[in-house]
Amino acid sequence: MSANEKILEVRNLKTYFFTNVGVVKAVDGGTFHLKKGQALGIVGESGSGKSVTSLSILRLVPKPAGRIVEGEILYRGEDLVKKSQKEMREYRGNRLFMISQDPMTSLNPVFTIGNQIGEAIRKRQKLNGNDLKEKIIEMLKLVHIRASETRVHAYPHQFSGGMKQRAMISMALACQPEILIADEPTTALDVTIQAQILKLMMEVREQYQTSIILITHDLGVIARFCDYVLVMYAGKIVERADVKTLFKGNRHPYTRGLINSLPHLGKKQRRLETIKGQPPDLLNLTGGCPFEPRCDYSVERCSVEYPPVESAGKGHLLSCWRWREI
Amino acid sequence: MQRYLIKRSFQSLIVILGITVIVFMILHLTGDPTDLLLPPEAGPEERELLRHELGLDKPIYVQYLEYIKNICHGDFGQSFRYQTPAFSVVMGALPATIELTMAAMILSIVVALPIGIISAIRPRSYYDTLGMTFALLGQSIPVYWAGLMLILLFAVTLGWLPSTGRGGIKHLILPAVTLGMFSTAAIARFTRSSMIDVLDADYIRTARIKGLSEHIVVLKHAFKNASIPVLTMTSLQFGRMLSGAVITETIFSWPGVGRIAVQAIYNRDFPVVQTVVLVASVIFVGINFMVDIIYTYLDPRIKYT
Amino acid sequence: MAKSSKLWAQIKQAPVGGLTILFLFIVVALFAKFIAPHSPIDQDITHALSPPFFLEGGTWNYLLGTDELGRDILSRIIFGARISLVVGFIAVAISGSIGVWFGLISGYFGGKVDSVIMRLVDIQLSMPYILIALALIGALGPSLRNIIIVIGITSWVTYARVARGDVLGIKENEFVDLAKIAGCSTYRILVRHIFPGVVNSQIVLGTLMFGRVIIFEAALSFLGLGVQPPTPSWGTMLADGRQYLTYAWWLATFPGFAIMLVVLGTNLVGDWLRDMLDPKQRAAVRGKR
Amino acid sequence: MKGESILKVNNLKKYFSMGKEGIFSGKARMVKAVDGVDFSLYKGQTFGLVGESGCGKSTTGRCILKLYGITNGEILFQGKNIHSFEGKERMQYRREVQAVFQDPYGSLNPRMRIGEFIEEPMLVHGTFNSRDRKKRVAKLLGVVGLSSDHASRYPHEFSGGQRQRICIARALSLNPKLVILDEPVSALDVSIRAQILNLLMDLQEEFGLTYLFISHDLSVVEHISDFVAVMYLAKIVEMAPCDMIFKNPLHPYTNALLSAILVPDPELAQDAIILEGDAADPRGLEKGCRFRDRCFNATDECMEKEPELIEVEPNHKVACLRVAQKK
């Protein structure tokens with residue numbers, strides 16, 4: 001098992017939502033891969049398709065509106081798109097796990113924390129009674145929850161947001177997945193708690209060699225946590241690069257605009273650079289580049305034809321007609 | 001939890017008091033009972049005398065307080081018609097009504113929950129469409145008509161089941177189905193929609209992410225959450241049933257409190273009417289209180305507030 | 001643009017059957033005089049208990065047969081629709097306008113006012129409403145006006161509960177705070193900012209309750225304390241027909257069928273309206289009478 | 001630097017009652033959302049109020065907006081206690097203090113046209129006649145970067161950023177002196193956030209507005225503020241001019257907050273100060289420093305004595321015993 005092994009390969013993934021108002025192409029041709037032990041970041045704004053990508057990998061796209069219409073999701077060579085929901089159960093919880101956005105709602109309010117972690121443990125080990133309880137306490141200790149002996153019996157509403165997210169991570173640890181997807185794991189948390197959770201996730205990654213897909217809108221989190229980054233806009237991956245290249249040598253106007261629009265601490269500027277216009281309406285996309293109306297570099301061609309994926313360096317891919325001039 | 005239960009019992013007490021006020025007021029609205037008790041040719045002196053005897057010449061709040069005092073002593077007044085204590089008239093008929101409502105309720109729950117749950121798991125499937133069509137019909141058919149049609153079909157035409165009276169399971173079937181029809185439909189539809197709501201929740205996704213089997217996801221994780229609003233709704237159905245029993249008992253000549261109450265209204269036998277209303281209300285408040293206790297087991301969030 | 005196409009998509013899902021039933025019901029009720037083949041009260045003993053046309057002995061003259069006094073059932077059903085329409089419409093209007101205000105006030109002010117109103121609601125829900133209605137009508141006398149009033153004042157709670165729930169949600173919105181900050185009076189906030197938010201669910205509720213009220217009115221008539229003879233009402237017809245169930249089933253069957261059809265129509269239309277206007281409100285209100 | 005004070009908050013306290021402890025005991029459970037806060041807003045400047053969720057920053061803003069009554073202390077607007085305002089004075093205050101909130105979806109009444117929404121404050125205050133009001137709505141829409149024919153549309157046609165512009169237009173409609181900005185950009189996408197921040201700063205310059213900018217996001221606060229106060233559990237723990245607080249943070253909590261900001265630059269190696277635990281329950285704090293349980297510098301004294309907010313260097317106030325001793 002080499003360190004560079006690709007454990008997940010997504011090829012030309014298209015996940016659409018068929019609403020009675022029209023078709024929303026939430027993910028429209030996503031191709032990327034994840035290596036063993038890698039931390040892959042997916043960054044984008046609301047509606048960019050980053051969360052749908054993760055749900056597609058788990059095959060949990062909300063039915064009946066959402067559907068994977070095309071593409072392959074290869075986990076160690078097995079195409080997950082072709083699996084039945086029953087077969088997927090062997091992957092979920094064992095090989096794949098996801099921590100979702102809102103720790104407040106992702107735990108079931110009517111069962112104890114211990115009960116919910118226990119379910120994850122029993123998926124791998126058939127433990128019962130005291131053995132199970134001890135294992136649960138051990139799991140809670142791993143994520144630094146104090147007084148875990150009594151907290152086993154607590155209900156989610158007795159936990160703070162940070163503690164709930166820790167409990168979710170302990171569930172992930174119980175499953176020992178190869179791939180951990182974290183969908184905005186810290187967005188709902190305060191900054192000091194965010195720092196705690198990110199640190200914990202780094203520990204997990206180091207200790208268990210877990211590959212992590214981190215989905216966020218926060219470029220700060222990306223810079224801190226990830227090795228490699230995908231930037232999504234309106235269902236398309238517009239640029240991808242290792243994290244240094246992305247921040248220092250990006251060539252896509254959207255990536256650049258996004259990074260420049262952030263206020264920089266300690267660098268007081270009077271005005272921020274902005275991206276003009278409004279986020280795209282996913283129902284009314286034309287065949288061209290979806291960023292075209294907001295782009296300062298756009299030319300006629302941009303509104304007609306979507307640019308092909310081109311390489312701008314080692315591992316640096318992007319889709320823009322004019323990237324060479326940027 | 002104690003706080004919660006104390007608060008709820010306090011509220012229940014207020015509700016019962018409020019009911020006594022309303023019953024008392026309706027009683028007064030119905031006019032002078034001396035009209036009923038005395039022969040029409042009775043003179044004004046006789047009338048005054050009776051009014052004094054009955055305490056009707058006292059101020060209204062004194063009358064109310066005496067009324068409450070009497071109730072507390074178990075004295076609900078004499079039935080004008082039967083010339084026995086109204087309370088014992090009502091209590092004598094109560095078992096029949098309880099039998100009927102319990103049968104109808106159990107029937108509703110047993111039928112409605114599976115329909116609601118399965119429809120929610122597979123929305124817009126063949127099963128869902130069928131189940132919900134029946135539920136819609138069940139909510140559209142008036143109880144009295146349903147009763148008559150069932151009698152027409154199973155008693156008159158087919159002769160399988162008796163159409164009137166009480167005794168044994170055979171007698172119970174038609175009235176229970178009649179009374180339970182609306183509730184079955186309502187609970188089934190409500191279960192479906194709360195299950196659909198809950199199945200959308202993030203924690204259900206978490207359960208699926210853990211790779212749990214679908215029946216654990218649905219029956220453990222989803223149903224326990226969905227059962228909380230369903231329980232509320234079901235307990236309200238009890239209130240409806242007590243009203244529905246009035247009609248059902250009339251149709252099937254079921255010897256319960258509902259039929260007694262209707263007769264009492266015809267006969268202007270007010271002590272009986274008010275006793276029925278009070279007893280039925282107290283039962284309903286009691287059921288709601290029990291449901292509150294069940295809540296504390298279903299929803300841990302209540303226990304700690 | 002997105003919104004209008006969405007609206008169109010929902011309109012396309014309209015329950016044609018339900019709307020047709022309601023439309024026919026209203027037309028029949030309004031133009032009963034012109035539609036009914038016979039007078040609803042004229043008796044013709046020679047034709048008493050004549051069966052509907054499709055049975056042996058039935059005639060085309062009396063499509064749905066006649067009752068024990070030889071009155072045409074179809075005509076009586078047609079005229080009975082008037083009572084149902086009038087009672088349904090006015091009672092819903094009365095109870096809705098009482099209920100919505102209690103709900104608005106209860107939800108918006110909260111605290112003690114809310115507790116008092118909610119206890120009133122509890123009291124109302126705890127009592128067997130049909131007995132209360134019967135007792136009240138018994139006391140006031142069974143006139144159409146009294147029936148409407150009694151139904152109106154005994155069914156306001158559902159509107160109040162739903163409106164209160166809506167208000168509690170709307171109140172959380174920051175536009176309510178912004179209205180206070182702008183200096184709007186409480187009255188203006190209630191009327192301009194809160195009320196429009198509860199209208200949709202009240203319309204949905206009113207539609208569904210319309211059916212409930214028709215059933216309720218017929219139930220009162222069925223129990224003998226509704227609209228008094230000879231005025232034709234569906235409930236009275238059912239009650240009268242009950243005695244003849246064994247050998248003249250049509251007497252009770254057809255008026256009941258009419259009630260069911262109309263209620264089915266309101267339920268279908270109400271469900272559709274709910275999906276369209278008020279997706280949040282679930283079947284919750286259905287069970288609560 | 002300071003100029004004319006427009007609003008002064010003195011020892012503001014706001015306790016919320018969380019129901020009675022028992023049915024029969026009269027003692028109410030209190031949550032101290034704001035527990036003795038002092039600060040001043042100066043004309044034409046932006047005062048940043050920063051802290052984590054539940055620290056009382058929004059409650060402070062809402063007290064100033066008179067959405068809540070206050071438990072203790074006073075709020076002086078141009079020298080007058082705002083809670084003593086009645087009738088005309090009250091309406092005057094309502095005219096001069098406006099707000100923009102966090103949620104662009106909840107801020108707009110979905111059943112009111114944009115034009116009506118912006119016009120409403122003027123209508124309520126009886127400023128201008130109907131025609132002039134319409135003109136002003138059109139003008140305001142232009143000021144916030146929208147087009148005047150947006151007035152006849154409903155909110156659902158607008159995106160989050162546009163909605164926030166509409167709220168700003170409404171806030172400006174009465175020519176206010178002070179605008180409370182409660183997390184105005186937190187719910188917006190990154191690419192839209194910068195647009196709104198720029199707009200707010202332009203408007204401040206153009207109309208000489210005073211802002212109270214409430215936010216959890218330190219980098220945004222640093223960008224827009226002249227003066228910053230950091231709140232922790234219902235109290236201000238540090239307060240200083242913006243540059244000073246970011247270049248030389250003194251309170252350990254401010255330090256931890258600053259180090260927890262993730263700079264979008266992978267080359268800047270950061271060693272965050274990781275604070276233990278969650279923010280404490282404000283109900284448990286009877287004595288001592290409210291930050292002591294999470295503080296990496298706490299001593300025994302911190303358990304016993306509550307630090308006062310004192311000026312340790314010109315214009316720089318800190319509530320920390322250890323910092324005060326060092327100085």
Side-chain angles (χ1 to χ4, degrees), chain B residues 11-12 14-16 18-19 22-23 26 29-31 136-137 139-146 148-149 151-152 156 182-183 186-187 189-190 192-194 197 229 233-234 236-237 239-240 242-247 250-251 258 261-262 265-266 268 270 273-274 276-277 280-282 284-285 288, chain C residues 115 118-140 208 211-212 214-216 218-219 222-225 234-235 238-239 241-242 245-247 249 252-253 255-268 271 282-284 286-289:
Chain B
Q11 285 176 352
S12 303
I14 292 179
V15 167
I16 290 175
I19 291 166
I22 290 185
V23 170
I26 290 175
L29 209 65
T30 50
L136 192 67
L137 279 174
Q139 282 197 305
S140 305
I141 296 176
V143 185
Y144 33 89
W145 190 62
L148 292 182
M149 290 303 110
I151 290 175
L152 189 60
V156 177
F182 183 91
S183 300
I187 296 172
R189 288 182 59 131
F190 193 78
R192 177 180 182 268
S193 68
S194 25
D197 274 357
M233 196 268 184
T234 307
L236 281 171
Q237 286 299 316
R240 249 199 65 80
L242 292 172
S243 283
V246 172
I247 296 168
T250 308
I251 299 171
V262 174
I265 288 171
Y266 292 148
R268 319 202 83 173
F270 295 114
V273 178
Q274 54 154 313
V276 172
V277 171
S281 308
V282 170
F284 181 71
V285 171
N288 270 316
Chain C
S115 303
M118 281 302 106
R119 288 301 79 72
L120 277 178
V121 167
D122 283 348
I123 289 169
Q124 177 97 61
L125 281 177
S126 306
M127 295 193 296
Y129 59 89
I130 206 156
L131 287 183
I132 297 298
L134 284 176
L136 275 175
I137 292 172
L140 299 171
L208 296 171
R212 290 281 95 79
I214 288 176
I215 287 187
F216 193 22
F222 180 76
L223 292 172
L225 282 169
W234 293 347
L238 258 175
R242 193 179 148 211
L245 197 62
T246 43
Y247 52 95
W249 56 264
T253 306
F257 194 72
I259 300 175
M260 190 196 78
L261 265 187
V262 173
V263 176
L264 185 65
T266 62
N267 282 343
L268 283 168
D271 283 353
R282 299 285 168 178
R286 301 302 290 296
K288 297 170 195 160
R289 180 157 71 92

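Residue numbers begin at 1 in each chain, while the letters A, B, ... track the order of the sequences.
When all heavy atoms of Ile123(C) and Gly18(B) are compared, the closest pair comes out as CD1-CA, 3.5 Å. Of all heavy-atom pairs between Ile265(B) and Ala135(C), the closest is CD1-N, 3.9 Å. Between Arg212(C) and Gln139(B), the closest heavy-atom pair is NH2-O, 2.5 Å. Listed here is the closest heavy atom pair of Tyr266(B) and Gly224(C): OH-N, 4.1 Å. Across Leu148(B) and Arg242(C), no two heavy atoms sit closer than the pair CD2-CG, 3.4 Å.
Ranked by heavy-atom pairs under 4.5 Å with chain C, the first of Thr250(B), Ile187(B), Ile14(B) is Thr250(B). In terms of heavy-atom pairs under 4.5 angstrom with chain B, the leader among Leu140(C), Thr253(C), Ile259(C) is Thr253(C). Of the listed residues (Ala219(C), Gly211(C), Gly235(C)), the one with the most heavy-atom contacts under 4.5 Å to chain B is Ala219(C). With chain B as the partner, the residue from Thr266(C), Leu245(C), Asp122(C), Ile137(C) showing the most heavy-atom pairs under 4.5 Å is Leu245(C). For the set Leu242(B), Val273(B), Ile247(B), Asn288(B), the entry with the most heavy-atom pairs within less than 4.5 Å of chain C is Ile247(B). Per-residue heavy-atom pair counts under 4.5 Å with chain C were compared for Val262(B), Thr234(B), Ile251(B), Val276(B), and the maximum is reached by Ile251(B).
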Val246(B) and Leu223(C): CA distance, side-chain angles, deciding distance, side-chain contact (heavy atoms from CB on, under 4.5 Å) verdict: CA-CA 9 Å; Val246(B) 172; Leu223(C) 292 172; 4.2 Å; yes
CA sep, side-chain torsions, deciding dist, call: Phe182(B), Ile215(C), side-chain contact (heavy atoms from CB on, under 4.5 Å): CA-CA 12 Å; Phe182(B) 183 91; Ile215(C) 287 187; 6.0 Å; no
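The OG atom of Ser243(B) sits 9.0 Å away from the CG atom of Leu134(C) when rounded to the nearest 0.5 Å. With values rounded to the nearest 0.5 angstrom, Leu131(C) atom CG is found 9.0 Å from Ser281(B) atom OG. Atoms CG and CZ, on Asp271(C) and Arg189(B) in that order, are 4.0 Å from each other to the nearest 0.5 Å. With values rounded to the nearest 0.5 angstrom, Leu268(C) atom CG is found 5.0 Å from Leu136(B) atom CG.
Shown here are the side chain to side chain contact (heavy atoms under 4.5 Å, CB included) partners of Leu120(C), two or more places apart in sequence or in another chain: Trp156(C). For Ser12(B), the side chain to side chain contact (heavy atoms under 4.5 Å, CB included) partners are Val285(B), Phe289(B), not counting sequence neighbours.
Contacts between Leu261(C) and chain B at a heavy-atom distance below 4.5 Å are absent for every atom of the residue. In this structure, no portion of Ala239(C) lies under 4.5 Å from any heavy atom of chain B. The contact between Ile141(B) and chain C is made by backbone and side chain atoms together, counting heavy-atom distances below 4.5 Å. Contact of Val156(B) with chain C is made through the side chain alone, with heavy-atom distances under 4.5 Å. For Ile22(B), the part sitting under 4.5 Å from any heavy atom of chain C is the side chain, from C-beta outward, and nothing else.
In this structure, the side chain of Trp145(B) engages the main chain of Ala252(C) through a donor-acceptor pair within 3.5 Å.
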